[in-house]
Each structure stands twice: as structure tokens, then as C-alpha cells.
Amino acid sequence: MELPKQISNIVFLVSVFASLPRTTRGQPIVLGSDPKGKTFLYTNGNSVFIRNIDDPSICDVYTEHSTTVLCAKYSPSGFYIASGDQHGKVRIWDTINKEHLLKNEFQPFGGCIKDLAWTADNQRIIVGGEGKEKFGHVFSADAGNSVGEIVGMTKAINSVDFKSNRPFRAITGSEDNAVSFFEGPPFKWKTTMSDHEKFVHVVRYSPDGEKFASGAADGRVLIYDGKTGEKQSELGSPAHTGSIYGLCWDPTSHFILTASGDKTAKIWDVSKGSLLENFAMGSDLKDQQVGCLWQGNHIITISLSGYINYLDRSKPDVPRRVVKGHNKSVTAMTIFGVSGNQNPAANKYIYSASHDGVVIRWNENGTDTELVDGECHTNQVQSFSSNSRRVVSCGLDDTVRYINVRTNSYERTEKLSSQPRDICISETDVVFCVASNMIYMIQDEGTMVTHKLNYEATSVAVHPHGTELAIGGKDNKTHVYMIDGTALTEIRIFEHHDYIVKVTYSPQGNYFASADNMKNVKCYKLPEYQEISRDMWRYHAGTITSLQFSLDGKKLASTGIDTHLMLYLPENVSKVTQVKGAHQLNPVTCSAWLTNDTLFTGGNDCCLKKWSVR
Ligand SMILES: *[C@@H]1O[C@H](CO)[C@@H](O)[C@H](O)[C@H]1NC(C)=O
Ligand SMILES: *[C@@H]1O[C@H](CO)[C@@H](O)[C@H](O)[C@H]1NC(C)=O
Ligand SMILES: *[C@@H]1O[C@H](CO)[C@@H](O)[C@H](O)[C@H]1NC(C)=O
Ligand SMILES: *[C@@H]1O[C@H](CO)[C@@H](O)[C@H](O)[C@H]1NC(C)=O
Ligand SMILES: *[C@@H]1O[C@H](CO)[C@@H](O)[C@H](O)[C@H]1NC(C)=O
């Protein structure tokens, strides 16, 4: 296990529940391989993920690109990673220290960089992509000066590679259906092979440099002589019935792994030209295979769903492990198994949703990841809530849905007549959902009572004893109601200077807190709702997105689109801990406490982060 990263004397980052690679239909995913064999690399948004290959729940994230990063590769020495982004910037950074100090930044052209490779001596880098007047460049990793010319193609380069030994050679695969071959340094165009009939998505040299292979949208895999570029053979006829997006040699240079849009991955014996293994990955569009990696004993493919599949040669139809997660911004979360008088040893699950409505269930250390299926939301999940028996959510598809925690699937749907904003569930299984100027009360047996409000509601929270309900409004007021059966009687109103964005009770019911659109957080002591925060909690620079008390009620966390996480102590209002850039460069959208001292946050970086708060 890696040690938690210290943020301050009080806050530690325990782990990152990483996002999946960001997949796009019809586009290959580039994976980076670690020369030391410990980790592998991929990108999503402006982050590069460095994931432990044996235990993918261990993950480091690099978030210094100011725009979408599309590829990242280790230098053969393992000391550096070069990553290329959509504006043509290549950052070369240190892998040894945790801060990942920047060594160099170059911009070989203005346009996206889709793939890059290092020479075996760590001296030179080739990049390919789609610049304004050029599609590739080769330059020195130390000074950035050009060490050749990558020309000859007329359309975007999708893939580049170097021969791993002398004499040096470089290859590119491009969208003019061409594979180009270069000698150097300085690298000069030598030949172009036009055997493919569609986009060439991937070109890769064998580790021993004897051969190289190309894979294309025509489903064909061609093998060439590594020194001369002469075409030697073809694998299959064709290798796949769909586009080939990924191709990787095994460490012995004898075998090739291919990943295809025909929803299979295959292993080939290169010298015999024979198919050794066929991995059928499913029948859904999302089971298309868009990238692959063969590192040590690990054979990995990426599905269009973003899932990371660890293949098992002895059981080709069942991956040994499938790593799931989000590949879109996280919008909402809750933790099941922490409320009420639960057995502390019982399983706790984190449920999180992304803006396309995908819901993932994680165990508390991120080693077990499952998709929640069944009657799922068809649009963004707006809010989650859970009690000791149930998990409920409301979404922009105008529904409230219930997850059966035993079967891990959505099993009950309640249709609403307006768009919901927030949801909460009491320990007596009554669901309260606010939508525009309505509050819906849904009983466990299925009856739904609606009350009209004379203001627009933004947020809702129920007292843990189920006796009081707080609703935040666009009328700049917090309304507190007494709950009596299905009747609500307004008992208190708090005036604010702007509309309310969040309301919450502490699990013991001894505190209440609210946040308004001017970024003020207020905390009240119950039963009198005496305000104790004295207008001192105004720390955020952007809209507050979540407000949650720790399980013992001794800490309050708020998150915001300003990327920050703030921690307040109701017992000492002057002591506020600020975690700026909690999800670096990305809005933090939700949070939930696992224990008295452990908090999860979710963000637009498609990740969850686990924090320890002393
Ligand atoms: C990842 O992205 C693809 C393409 O947009 C989408 O179909 C898929 O549902 C996403 N996967 C997850 C787990 O969110
Ligand atoms: C992770 O959690 C699982 C089950 O909750 C447990 O079996 C496993 O030992 C945990 N692993 C670590 C590294 O804490
Ligand atoms: C709420 O506060 C905002 C910002 O101060 C103000 O513009 C608006 O008029 C107020 N609305 C009401 C109903 O008082
Ligand atoms: C959480 O805090 C409460 C109150 O301080 C304490 O009684 C309880 O033992 C704590 N729980 C854990 C797991 O530390
Ligand atoms: C409250 O926090 C402040 C600032 O950290 C500290 O100086 C003070 O001693 C604390 N007060 C109590 C009563 O703990």
C-alpha cells in the first residue's frame, strides 16, 4: 500500500478511485507501458492516470495539462513520462518524486497529439496527430530541437513508434490509410506502404526490433521487416471483422494481441501466422475493444464502456478481472451502511453517478467496482440518499428510483410531474423529493403524497428522527417543517441574502447547516436552531455543491465548483481547514462521509477521492 499523501496537519489524501479511460466511438485508446512493469498509463480529461497493474485500486494522478490529454508514455529509463495534449503540448515530467516536477514542455505543432514514442536511449520523441500544417514531429527530449522530418502523409497520424535498437527507424500510421517508414537520425522519409484500405489506427514495433505490425479500420493486421520496412505477412484474412484499435506485442516478440470493434480481442502467433486465442467480450456496442496492453503476465484490453479487462488465457470468455468506474463527470454520491445502528463490521458501499446516469458501487477501499443495473436513470442523477436499508436517487429523467442493495440493481421507479432537485430518505423509509415548487413524499408501500410550495425548492434534508424537514428555497429562505404523518407544518423560517443551495442535518440531529448562493455556510444548534457559525464561514470562491456532517457530527464538509473542499468544526467555528484544488482544475460536485474521520469527494475529473480528516 502507498502511504496517504499529506495535505495539511489535518487532511490526508488516502486514495483516488480513478476514472476509466475516456473512450470515443471509432477512436483508439493509447495505453502506456511501464518499463519496470509495475504500473500502466492512460488519460481522461486533463488527467494522466498511473495505475498499479497488480492492484489497480492504487493510483496516482497527474493533472498539470490545461486541456485534454490524449496519450502518455514512460521513457525507457522509467524516470520520465511524456504526455501529449489536444493543443499540441508535450509535457515531460518526473516519475520518481510525488510532485512530478516538470522537466520540459514543448509544442511541436498546434493541434492534437494522438500518440508519442521515445527512442530506446531516452533522447528523442516522435509525436503524431493533427496539426494545422503538419501531422508529426520528431525532436530531442532535452532541448526540443528537431531531429528529422515526419512528412509524406496527407491526413492525421493516429499512431507512431520507434524501433527499440540500432539502426534507428520510425513508423507512423495515418488516416490516409498509409504506414510510413523513416530512417535516421535525423529521421527522413523512406517509404510508404499503402496496403490498408481504411484508417491505420495503430503501428507497433516488436520489442526485439525485428518486425513491426500495423492494424487498421479494414480489420487487417500486416507484419513488416523491422529494418527495411518491407511487407512480410498478414495475420488472418482479415484478422478481425471490425476496425482494429489496439495492437500490442508480447515481451518475447513472438505474439501479438489485437483489440477490435468486432467486440473481440485475439492473440496471434506471428511467425506461424496463426490465431491462438479468441476473447469474446460481449454483444453490446459498449463491448467494442478500443485499446490493449501486454505487460509482463498481464493481458489488458479497454472496452468502449471504458472498462479495463484483465484477460485470462485459460478462460477466454471470462476476464480474470474487470475494473469499472466512471468516464464522465461524477454528479452525486451516497454511502450505504453508515446510518442508523448498523453492525460496524457490515459492508459499506459507496454509490456514485456520472452525468450520463451510470451508477457505480464501490467497496470502501475501491478494490471492488460494480455497475448498478436494472431500471436505471436515463439521464443525469441529480442526488442520492440512503438510510440503513435503502438507497434512492432522483434524476433529470423526472424519476425517483430505488436500488435493491442485495441484488445491486434498480428495481423501483416513481415518475414525477416535474424535474427533481434533491432527495432524502428518513429512517422510517419515507422519501422526500423536491422538484420546482413541489415536495413529493413517497411512502415505503408506494403511496405518494405531494404538497405544493409557494416558492421554488432547491434542497431538502430530513432530521434523523424523522420529525422535522428542512427545505432550502429560491425565495432566499430556509423553511423548517414539522412532519406529522403526511402533513407538513411550517415551524421556522431563516432569512438569507441569496437563495439556498444546500441544507443538511448532522446524523445525531444536534446540528443543522445550510449554504447559500453567496457561498455562506451557516450552522445551527438544535433544538432551538441557534446560529453558531456567526457569519464566519465564507471560504468558497464558487458555488457550493455539497454540505455533509461527519458521522459523529463533529465536522462539517463543504465542496464547490471552485475545486475546493472546506472543513469546519461546529465546536470551534474559528478553526476551518481549506483543501484548495481537492480535485485539481475540476469542480468538486459531491461528498459523503464513511466514518467519523473519512470523507469521500467526487468531481468533474470523473474520480472519487478518499480523505482522512483528523
Ligand atoms: C464511457 O463512455 C462511453 C462513451 O461515451 C459510454 O457509452 C459509457 O457508458 C461510459 N462508461 C461508463 C462506465 O460511464
Ligand atoms: C479491501 O476491502 C475488502 C472488503 O471490504 C477486504 O477484503 C480487503 O482486505 C481490503 N483491502 C485492503 C487493502 O484494505
Ligand atoms: C434573493 O437574493 C438575491 C441576491 O441578493 C436578490 O437578487 C433577490 O431579489 C432575492 N430574492 C428574494 C425573493 O428576496
Ligand atoms: C465516532 O465518534 C463517536 C463520538 O465521538 C464515538 O463514540 C465513536 O466510537 C466513533 N467511532 C469510531 C469508529 O471511531
Ligand atoms: C479554536 O481554533 C483556534 C484556531 O485554530 C485555536 O487557536 C483555538 O485554541 C481553538 N479553541 C478551542 C476552544 O479549541
Side-chain angles (χ1 to χ4, degrees), residues 8-11 17-29 42-45 49 68 245 261 263 281-282 284-291 302-309 322-333 335 337-346 348 351-362 364 369-373 376-381 506-511 532-534 536-537 539 549-555 566-578 593-599 602 604-608 612-614:
S8 72
N9 292 336
I10 293 167
V11 185
F17 287 16
S19 87
L20 299 175
R22 176 73 59 98
T23 55
T24 309
R25 207 177 159 188
Q27 299 276 324
I29 285 286
Y42 62 83
T43 63
N44 185 332
F49 293 88
T68 305
Y245 295 112
K263 301 159 194 150
M281 304 302 293
D284 199 86
L285 173 68
K286 288 181 188 175
D287 298 321
Q288 290 195 358
Q289 301 299 298
V290 295
I302 306 295
S303 300
L304 183 58
S305 60
Y307 292 171
I308 303 167
N309 312 297
V322 180
V323 177
K324 301 179 185 176
H326 295 293
N327 64 9
K328 304 274 159 42
S329 310
V330 176
T331 57
M333 76 160 104
I335 302 184
V338 298
S339 61
N341 303 316
Q342 273 178 337
N343 169 9
K348 299 180 179 74
Y351 291 86
S352 59
S354 58
H355 79 70
D356 52 358
V358 171
V359 176
I360 299 289
R361 187 192 77 177
W362 316 72
E364 57 187 282
T369 53
E370 281 305 329
L371 180 76
V372 179
D373 57 15
C376 300
H377 286 281
T378 57
N379 203 332
Q380 178 170 319
V381 177
S506 67
Q508 290 69 27
N510 54 340
Y511 293 114
I532 58 171
S533 46
R534 303 196 307 255
M536 288 169 67
W537 292 351
Y539 286 88
F549 282 99
S550 59
L551 299 195
D552 58 7
K554 293 194 168 158
K555 306 180 189 97
M566 301 293 166
L567 293 150
Y568 318 84
L569 300 178
E571 281 166 19
N572 186 348
V573 297
S574 57
K575 201 169 169 80
V576 175
T577 304
Q578 307 187 41
W593 290 85
L594 179 76
T595 66
N596 290 347
D597 313 305
T598 309
L599 174 74
N604 274 12
D605 55 1
C606 320
C607 296
L608 305 189
S612 168
V613 185
R614 286 243 184 89

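Start at 1 with the first residue, then count along the sequence. Atoms within each ligand, like the ligands themselves, are counted from 1 in listed order.
The protein atom (non-hydrogen) at minimum distance from atom 1 (C) of ligand 5 is Asn572 ND2, 1.4 Å. When hydrogens are left out, the protein atom nearest atom 5 (O) of ligand 4 is Lys554 NZ, 3.3 Å; that is the closest non-hydrogen contact. For atom 4 (C) of ligand 4, the nearest non-hydrogen atom of the protein is Asp552 CB, 3.9 Å. Protein heavy atom nearest atom 2 (O) of ligand 1, with residue, atom name and distance: Asn327 ND2, 2.5 Å. For atom 13 (C) of ligand 1, the closest non-hydrogen atom of the protein is Gly325 O, 3.2 Å.
What you find for Gln288 and Lys263 is that their closest heavy atoms are N-CG, 3.7 Å. Of all heavy-atom pairs spanning Val381 and Thr331, the tightest one is O-OG1, 2.9 Å.
Using a 4.0 Å cutoff on heavy atoms, Leu304 counts as a contact of ligand 1. The closest approach between any non-hydrogen atom of Ser305 and ligand 1 is below 4.0 Å.
Remark: atom 11 (N) of ligand 5 lies closer than 4.0 Å to at least one protein heavy atom. Within a 4.0 Å radius of atom 7 (O) of ligand 5, the protein contributes no non-hydrogen atoms.
Contact of the Ile335 side chain with the Trp593 side chain is not registered, since no non-hydrogen atoms from C-beta on lie closer than 4.5 Å.
Residue-ligand proximity, Asn596 to ligand 4, at heavy-atom distances under 4.0 Å covers atoms 1 (C), 2 (O), 3 (C), 8 (C), 10 (C), 11 (N), 12 (C), 14 (O).
In this structure, the separation between CG on Leu569 and OG on Ser533 is 13.0 Å, given to the nearest 0.5 Å. Rounding to the nearest 0.5 Å gives a distance of 3.5 Å between CZ of Phe49 and SG of Cys607.
If you check each of His355, Lys286, Arg25, Lys328 against atom 9 (O) of ligand 1, the one with the closest non-hydrogen atom is Lys286.
A donor-acceptor contact closer than 3.5 angstrom is absent between the side chains of Thr595 and Asp597.
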